[in-house]
Amino acid sequence: SYYKQALAIYEAVYQDHPQLARVLNRIGRSLSHIGQYPAGVEYTIRSLAMQKRLYGEEDHPATAQALCYVGYALTNAGQYTEAVAYFEQG
């Protein structure tokens, strides 16, 4: 996919970068939308981890948004209890 091509390029250029975190999130969301829930969750968690490295553990809009996207991915996967925990943090 084009997202995975973009991911390869960003990973070759950057270690941690906001655009790389966005690509990871978009891949995760896309995978969730087509029913590949475990992979979708994995990518959104990778995006969240990068957002935390970029912006810290404290309140930041990008981190809050990433927490919610993990919650959505977990909801799509039917992991509702885990999803609520992410939504409550976001």
> Do Q19 and V23 have side-chain heavy atoms sitting under 4.5 Å apart?
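Heavy-atom side-chain distance check passes, below 4.5 Å.
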
> Just to verify, what does E11 make a salt bridge (charged side-chain N to carboxylate O under 4.0 Å, His left out) with, not counting sequence neighbours?
R46

> Apart from Y2 itself, what residues make up its hydrophobic cluster, given side-chain heavy atom links below 4.5 Å?
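Members alongside Y2: none; it stands by itself.
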
> side-chain contact (heavy atoms from CB on, under 4.5 Å) between N25 and Y43: does it pass, once the steps are laid out?
CA-CA 6 Å; N25 179 57; Y43 275 94; over 6 Å; no

> For residues 64-90, pull every pair meeting salt bridge (Lys or Arg N to Asp or Glu O under 4.0 Å), keeping only residues two or more places apart or in separate chains.
none

> So how far is it from L20 CG to Q51 CD, rounded to the nearest 0.5 Å?
9.5 Å

> Grab the two heavy atoms, one from T63 and one from G56, that are nearest each other, plus how far apart they are.
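T63 and G56 have their closest heavy atoms at OG1-O, 4.0 Å.
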
> Keeping the roles fixed (side chain from S47, backbone from A21), state whether a donor-acceptor pair exists under 3.5 Å.
yes

> If you compare all heavy atoms of L54 against all heavy atoms of H17, which two are closest, and at what distance to 0.1 Å?
CD1-C, 3.6 Å

> Would you find a donor on one side and an acceptor on the other, under 3.5 Å apart, between the side chain of Q89 and the backbone of A85?
yes

> Could you work out, with ring-ring contact (aromatic ring centres under 6.0 Å, His included) as the rule, every residue matching H33, not counting sequence neighbours?
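Counting only residues at least two positions away or on another chain, H33 forms no ring-ring contact (aromatic ring centres under 6.0 Å, His included).
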
> For M50 and L24, which heavy atoms make the closest approach, and how far apart are they?
CE-CD1, 3.8 Å

> Identify the heavy atoms of A73 and S32 that sit nearest to each other, and give their distance.
CB-OG, 3.8 Å

> Could you name each residue pair satisfying salt bridge (Lys or Arg N to Asp or Glu O under 4.0 Å) that touches residues 13-30, not counting sequence neighbours?
D16-R53

> Nearest 0.5 angstrom please: N76 CG to T44 OG1, how far?
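OG1 of T44 is found 9.5 Å from CG of N76.
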
> Who else is in I45's hydrophobic cluster (ILVMFWY, side-chain heavy atoms under 4.5 Å, direct or via others)?
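Reading the cluster by chain and number, I45 sits alongside V41, L48, L67, V70, L74, Y86.
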
> Only counting residues at least two apart or in another chain, list the ones meeting ring-ring contact (aromatic ring centres under 6.0 Å, His included) with Y55.
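Residues passing ring-ring contact (aromatic ring centres under 6.0 Å, His included) with Y55: H60.
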
> Are V84 and Y80 connected into the same hydrophobic cluster when the rule is that any two of I, L, V, M, F, W, Y join if their side-chain heavy atoms are below 4.5 Å apart?
no

> Going by side-chain contact (heavy atoms from CB on, under 4.5 Å), name the residues that satisfy it together with Y72, two or more places apart in sequence or in a different chain.
C68, Y69, F87

